[in-house]
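Computed from a prediction, not measured in an experiment: that's the story for all the values here.
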Amino acid sequence: MSRRPFIALAIAETLSISGTRLSGVAIPWLVLSATGSPVLTGLVAMTEMLPYVVAKALGGPLIDRFGPRRIAIICDSASVIAVGLVPLLHLLGLLTMPILLPIVFAMGVLRGPSDAAKQSMVPDIAELASVPLERVTGVVGAIERLASIAGAAGAGALIALVGPSQALAVNALTFASAALVAAIGIPTLPPAPKAEAAGVSAYGRELAEGWHFMRRDAVLVAIVLMVATINLLDQAYFAVLLPVWTQDSGHGPALLGSLFAVFSGASMIGAAIAALIGDRMPRLLVYAVAFLLTGFPRFLVFALDSPLTLIFAILAIGGFASGFLNPILSAVLFERTPKPLIGRVTSLNAALCWALLPFGGVVGGALVDAWGPSAALLLTGLAYLAATMAPFAHGSFRGFDRKKLADDLLCS
């Protein structure tokens, strides 16, 4: 079978994620430079993040009903207009906060279903290209990390070169390119059964079907609870604990950027290797070892004020290990979800995993205020260890290691 759809999805995902990361840097910088207000900057970030999470959860029935390719193309195309309005209005001198906030809200509403739709294409693309599912999820994981690094770095360079509002014009081009690649390179994927259903009541039933299926699967519930918790702790770590440690230890933002780059770069390498050998790895063993390496040690080295050489080594090891996790977790999710429910379940799963993320900074700040940075790092690391090992306490989590037929789960 042709691997053209696989390559097209990889390119579209790279362009889309790079664009999302670029706007995530450029818009807050635009607000901060224009107003000087951290409060307004935070408000704009929240105005995009909350509808992103909600729209991702609610978009699942539409993805199943109309097909993920169509939803991705529509949302990416509409994102061109939403993002493009910012530099246009700024150029005309008409961009104010009351106008910017609805635009950013619309961007969040569009990006959520677009990202969910591309994720839900993965099983069909793997089948069309005759590629093992773990290989596709590994490539997608590597792309996410590469695009995140490229998007953030590109945003910084573009902002320095042309300013934040003009950088968003490039952002609009990335979304237009993603829509074009998906339209040309990805064939029309069959919608889920019952796609002919219509109306608000039918939509509600479809959404409820996805929710009820997911909450009955103990493995998926354990994964959601674990990932939501570690996302909260990771946000506290990246947004507050690590910057505070860097400042208190007498270092500047250059070191902070280097710490992020080492972890992200190593993670990308790990995800690339997982894409090559993921289908041959023992999942449960890799899950346990990877989380033991990527979790507690990187909190501990900062809590103990370890030498920078040791810190960079631990971050490189932890980042490399983390690259193996998303391909495995995604493969388990896709294998355990019946095809008719793939859009709803994957959308709900992603939204729930992100649900606690906006509160991570608040948790990190509260821990630092109450206990100081070293104790906060140690406590957060211990919580991370507990959250990642907790699923082993549930006997059904053993089902994580190998496939359970999704159709059997649907009938059970």
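Atom CZ of F312 has more than 12 neighbouring heavy atoms from other residues, nucleotides or ligands inside a 6.0 Å radius.
Distance CZ/R215 to CG/L220: 13.5 Å, rounded to 0.5 Å. One distance of note links CZ of R111 with CG of D76; it measures 4.5 Å at 0.5 Å rounding. Rounded to the nearest 0.5 Å, atoms OG (S374) and CZ (F299) are 13.5 Å apart. Expressed to the nearest 0.5 Å, how far SG of C353 lies from CD1 of I230 amounts to 8.5 Å. Rounding to the nearest 0.5 angstrom, the gap separating the OG1 atom in T309 from the CD1 atom in I314 is 12.0 Å. Atoms CG and CD1, on L110 and I74 in that order, are 10.5 Å from each other to the nearest 0.5 Å.
L356 approaches L232 most closely through the heavy-atom pair O-CD1, 3.3 Å. The two atoms that bring S165 and H90 nearest to each other are OG-ND1, 3.1 Å, heavy atoms only. For the residue pair L15 and V181, the shortest heavy atom distance occurs at CD1-CG2, 4.2 Å. P102 and M97 get closest at one heavy-atom pair: CD-O, 4.4 Å. The two residues A274 and G323 make their nearest non-hydrogen contact at CB-O, 4.1 Å. Taking both residues in full, the closest heavy atoms of A321 and L293 are given as CB-CB, 3.8 Å, listed atom of the first, atom of the second, then distance.
A donor-acceptor pair under 3.5 Å is formed between the side chain of T174 and the backbone N or O of N171. Side-chain atoms of S16 do not come within 3.5 Å of backbone N or O of A12 as any donor-acceptor pair. The closest donor-acceptor contact from the side chain of T294 to the backbone of A290 lies at 3.5 Å or more, if one exists at all. Without hydrogens or angle criteria, S306 side chain to F302 main chain gives no donor-acceptor distance under 3.5 Å.
Taking the side chain as every heavy atom from C-beta outward, F263 and R298 approach each other to under 4.5 Å. In this structure the side chain of F213 reaches within 4.5 angstrom of the side chain of P338, judged on heavy atoms. Two residues are said to be in side-chain contact when any heavy atoms from C-beta on lie closer than 4.5 Å; M107 and I27 meet this criterion. Between M389 and L292, the closest side-chain pair of non-hydrogen atoms falls below 4.5 Å. Contact annotation: the side chain of W245 approaches that of I311 to within less than 4.5 Å [non-hydrogen atoms, C-beta and beyond]. Using a 4.5 Å heavy-atom threshold, the side chains of E206 and D64 count as separate. For the pair S347/I63, a side-chain contact is recorded, criterion being any heavy-atom separation below 4.5 Å from C-beta on. Looking only at side-chain heavy atoms (C-beta outward), P68 and M121 come within less than 4.5 Å of each other.
A cation-pi arrangement is absent between R283 and F324 under the rule of less than 6.0 angstrom and at most 45 degrees off the ring axis.
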Problem - Residues L378, W371; criterion side chain to side chain contact (heavy atoms under 4.5 Å, CB included); working and verdict - result: CA-CA 10 Å; L378 186 59; W371 302 98; over 6 Å; no
Handout entry: L352 vs M214, side chain to side chain contact (heavy atoms under 4.5 Å, CB included): CA-CA, chis, key distance, verdict
Key = CA-CA 11 Å; L352 290 171; M214 191 170 67; 3.3 Å; yes
Problem - side chain to side chain contact (heavy atoms under 4.5 Å, CB included) evaluation trace for L95 with L30 - result: CA-CA 11 Å; L95 189 64; L30 173 65; 3.9 Å; yes
Exercise for the section: Could you check V221 against D217 for side chain to side chain contact (heavy atoms under 4.5 Å, CB included), going step by step and ending with a plain yes or no? Expected result: CA-CA 6 Å; V221 170; D217 189 314; 5.7 Å; no
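Checked against ring pair (Phe, Tyr, Trp, His ring centres under 6.0 Å), F291 has the following partners two or more places apart in sequence or in another chain: Y287.
Between the side chains of S120 and T346, no donor-acceptor pair is found at a separation under 3.5 Å.
Salt-bridge formation is detected for the pair E209/R344: a Lys NZ or Arg NE/NH1/NH2 atom is positioned less than 4.0 Å from an Asp or Glu carboxylate oxygen. Using a 4.0 Å cut-off between charged side-chain N and carboxylate O, D124 and R69 make no salt bridge.
Taking the ring centroids of Y384 and F296, they lie at or beyond the 6.0 Å cut-off.
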